[in-house]
**Student:** 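Okay, here's the structure, questions in a sec.
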Amino acid sequence: MVEELLAAGVAAATGVAVYFAAAARVVKQYERGVVFRFGRLRQGVRGPGFTTVVPVVDRLRKVNMQIVTLPVPAQEGITRDNVTVRVDAVVYFKVVDAASAIIEVEDYRFAVSQMAQTSLRSIIGKSDLDDLLSNREKLNQGLELMIDSPAIGWGVQIDRVEIKDVSLPETMKRSMARQAEADRERRARVINADAELQASKKLAEAAGVMAEQPAALQLRLLQTVVAVAAEKNSTLVLPFPVELLRFLERAAQPAAEPGQAAPAAPAAEPGQAAEPGPAVAAEPSRAVEPGRAAEPGPAVAAEPGRSAVGVGDSPEELPPAAASAPPDPEDPASPAAPAA
């Protein structure tokens, strides 16, 4: 009898142990449990720790409440300014309602992934290239709102959305590089021109001070000579005043002398009659000092039919041939007679 009671007690203890082993469940700190009894959701969500369910009757599903990092595959699209780009992003979300995440959607991870890809392509088509490159914060907020709107009914909260990378074509990269280089060059030229303007103002002030004190210019010249001589070179610098150069230039230009004689006419070639040239007025004869011979004047070309008369010759000294008639061609003694 005792043995039968002992065997029954052992069997009952074994049954209870098996029951508790089948009914016992452990929910971790970052999880929540949803219990279905005969396929129907029971009210309440099981918290972290030890809990029990009815074996065979209840079914416990655990939902992870941690923030999930979901990478979005690169999506290719055309921006509003007709530029083809490839953009990839990452989505951070978490489950806030475990029952809705199990009941309202079959697989909330896959649903969030597909919604993120669709929203990313929509953002690409509505944005310009400059916004994708420089105004990402605004695009991230817009993308987060587009994903979060349907995800609220799934018991999922979108924590953050970030655009990771924007891939551009090589031609567009080169164009942007040239644009940036041109902008940098423009800024450099503006800065250089501003520096030149400031330097010119300071030089004008320095020139005014040197004009008031001429010794300052000499001191500046000596400083320049010292700066040149400090280097190891074979250049010898000699300061030369500019005013002296101007004086020498004015002295090198000869003044025109009044009463300068005109150049003599070129002599006629043998056998060619002299061409009548313009008459040149002879200078009046200058008086000769007592006891000094008269200087012969320059020869003046005579007009056709007249003999040359020297400047300063008196009419009495003219030869008899000067007043005679033109030569007769029939006279054999005449120079103009033809040879036999």
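Computed from a predicted model, the values in this text were never measured in an experiment. Just so it is clear, the values below take in all heavy atoms, side chains as well, and ignore hydrogens, waters and symmetry mates.
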**Student:** Report yes if some heavy atom in the side chain of Leu168 is under 4.5 Å from a heavy atom in the side chain of Leu129; otherwise report no.
**Tutor:**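 SC-SC contact between Leu168 and Leu129 confirmed.
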**Student:** Just wondering, are more than 12 heavy atoms of other shown residues or ligands nearer than 6.0 Å to CZ in Arg160?
**Tutor:**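 It does not: Arg160 CZ has 12 such atoms or fewer within range.
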**Student:** How far apart are the C-alpha atoms of Lys202 and Gln198, what are their side-chain angles, what is the distance that settles it, and do they pass the side chain to side chain contact (heavy atoms under 4.5 Å, CB included) test?
**Tutor:** CA-CA 6 Å; Lys202 295 299 180 181; Gln198 296 179 6; 5.6 Å; no
**Student:** For residues 25-34, pull every pair meeting salt bridge (charged side-chain N to carboxylate O under 4.0 Å, His left out), keeping only residues two or more places apart or in separate chains.
**Tutor:**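 Checked against salt bridge (charged side-chain N to carboxylate O under 4.0 Å, His left out) - neighbours excluded - no pair reaches residues 25-34.
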**Student:** Can you see which heavy atom on Trp154 is nearest to which on Val112, and at what distance?
**Tutor:**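 Between these two residues, the closest heavy atoms are CZ3-N, 4.1 Å.
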**Student:** Could you pull out all residues at least two apart from Arg189 that satisfy salt bridge (charged side-chain N to carboxylate O under 4.0 Å, His left out)?
**Tutor:**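 Result, salt bridge (charged side-chain N to carboxylate O under 4.0 Å, His left out) vs Arg189: Glu185.
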**Student:** Within a radius of less than 6.0 Å around CG of Leu41, do more than 12 heavy atoms belonging to other residues, nucleotides or ligands occur?
**Tutor:**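 Buried by this count: over 12 neighbours within 6.0 Å.
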**Student:** For residues 139-151, please give each side-chain donor-acceptor pair under 3.5 Å, one per line with the distance, not counting sequence neighbours.
**Tutor:**
unit_1: Asn140; atom_1: OD1; unit_2: Ile163; atom_2: N; d: 3.2
unit_1: Asn140; atom_1: ND2; unit_2: Arg136; atom_2: O; d: 3.1
unit_1: Asn140; atom_1: ND2; unit_2: Glu162; atom_2: OE1; d: 3.2
unit_1: Asp148; atom_1: OD1; unit_2: Ile158; atom_2: N; d: 3.4
unit_1: Ser149; atom_1: OG; unit_2: Leu145; atom_2: O; d: 2.8

**Student:** Are the side chains of Ser113 and Gln117 in contact, using a 4.5 Å heavy-atom criterion?
**Tutor:**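 Yes, side chains in contact.
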**Student:** If I take atom CE from residue Met172 and atom CE from residue Met176, how far apart are they, to the nearest 0.5 angstrom?
**Tutor:**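 These two atoms lie 7.5 Å from each other.
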**Student:** Could you measure the distance from the CE atom of Met210 to the CG atom of Leu219? Nearest 0.5 Å is fine.
**Tutor:**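 Atom-to-atom, Met210:CE and Leu219:CG are 8.5 Å apart.
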**Student:** Shortest non-hydrogen contact from Val45 to Gly33?
**Tutor:**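 So the two residues come closest at CG1-O, 3.2 Å.
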**Student:** Are there over 12 heavy-atom neighbours, none belonging to Gln223, within less than 6.0 Å of that residue's CD?
**Tutor:**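 Counting other residues, nucleotides and ligands, CD of Gln223 exceeds 12 neighbours.
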**Student:** Calculate, to the nearest 0.5 Å, the distance between atoms CG and CZ belonging to Asp58 and Phe36 respectively.
**Tutor:**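 If we round to the nearest 0.5 Å, Asp58:CG and Phe36:CZ are 11.0 Å apart.
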**Student:** Check the hydrophobic clustering (I, L, V, M, F, W, Y; side-chain heavy atoms under 4.5 Å; chains of links allowed) and say if Val161 and Val166 are grouped together.
**Tutor:**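 As far as the 4.5 Å side-chain criterion goes, Val166 and Val161 are connected within one cluster.
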**Student:** So, applying side chain to side chain contact (heavy atoms under 4.5 Å, CB included) with Val87, which one of Asp165, Leu120, Ile123 is it?
**Tutor:**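 Answer after filtering Asp165, Leu120, Ile123: Leu120.
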**Student:** Can you find a heavy atom in the side chain of Lys138 that is under 4.5 Å from one in the side chain of Asp131?
**Tutor:**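 Side chain of Lys138 against side chain of Asp131, heavy atoms only: no contact under 4.5 Å found.
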**Student:** Give the table of side-chain donor-acceptor pairs shorter than 3.5 Å for residues 59-68, with sequence neighbours excluded, one pair per line with atom names and distance.
**Tutor:**
unit_1: Lys62; atom_1: NZ; unit_2: Val26; atom_2: O; d: 2.8
unit_1: Asn64; atom_1: OD1; unit_2: Gln66; atom_2: N; d: 2.8
unit_1: Asn64; atom_1: ND2; unit_2: Gln66; atom_2: OE1; d: 3.4

**Student:** Kindly work out whether a path of hydrophobic side-chain contacts (I/L/V/M/F/W/Y, heavy atoms less than 4.5 Å apart) joins Phe38 to Val54.
**Tutor:**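 Yes, it is one cluster - the side chains of Phe38 and Val54 are joined through contacts under 4.5 Å.
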**Student:** Please confirm whether the backbone N or O of Arg109 pairs with a side-chain atom of Asp107, one donor and one acceptor, at under 3.5 Å?
**Tutor:**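 Looks like yes, one N/O pair under 3.5 Å.
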**Student:** When you look at Thr79 and Leu132, which way does the side chain to side chain contact (heavy atoms under 4.5 Å, CB included) test go after all the steps?
**Tutor:** CA-CA 9 Å; Thr79 61; Leu132 288 175; 3.6 Å; yes
**Student:** Let me check something: do Phe110 and Val105 share a hydrophobic cluster, defined by ILVMFWY side-chain heavy atoms less than 4.5 Å apart, either directly or through other members?
**Tutor:**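 They do not share one cluster, since no chain of ILVMFWY contacts under 4.5 Å joins Phe110 to Val105.
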**Student:** Determine all donor-acceptor pairs shorter than 3.5 Å in which one atom belongs to a side chain in residues 70-77; sequence neighbours excluded.
**Tutor:**
unit_1: Gln75; atom_1: OE1; unit_2: Arg121; atom_2: NH1; d: 2.4
unit_1: Gln75; atom_1: NE2; unit_2: Pro73; atom_2: O; d: 3.1

**Student:** Are the side chain of Ser122 and the backbone N or O of Thr118 linked by a donor-acceptor pair below 3.5 Å?
**Tutor:**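 No, the answer is negative, given that no donor and acceptor are paired below the 3.5 Å cut-off.
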**Student:** Quick one: CD on Glu170 to OG on Ser175, what's the gap to the nearest 0.5 Å?
**Tutor:**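 Going from the CD atom of Glu170 to the OG atom of Ser175 covers 11.0 Å.
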**Student:** So if you build clusters from Ile, Leu, Val, Met, Phe, Trp, Tyr with side-chain heavy-atom gaps below 4.5 Å, do Tyr108 and Met115 land together?
**Tutor:**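 Per the 4.5 Å side-chain linkage, Tyr108 and Met115 are co-clustered.
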**Student:** Under 3.5 Å, which donor-acceptor pairs do the side chains of residues 90-100 form with other protein atoms, sequence neighbours left out?
**Tutor:**
unit_1: Asp97; atom_1: OD1; unit_2: Ala99; atom_2: N; d: 3.4
unit_1: Asp97; atom_1: OD2; unit_2: Ser100; atom_2: OG; d: 2.7

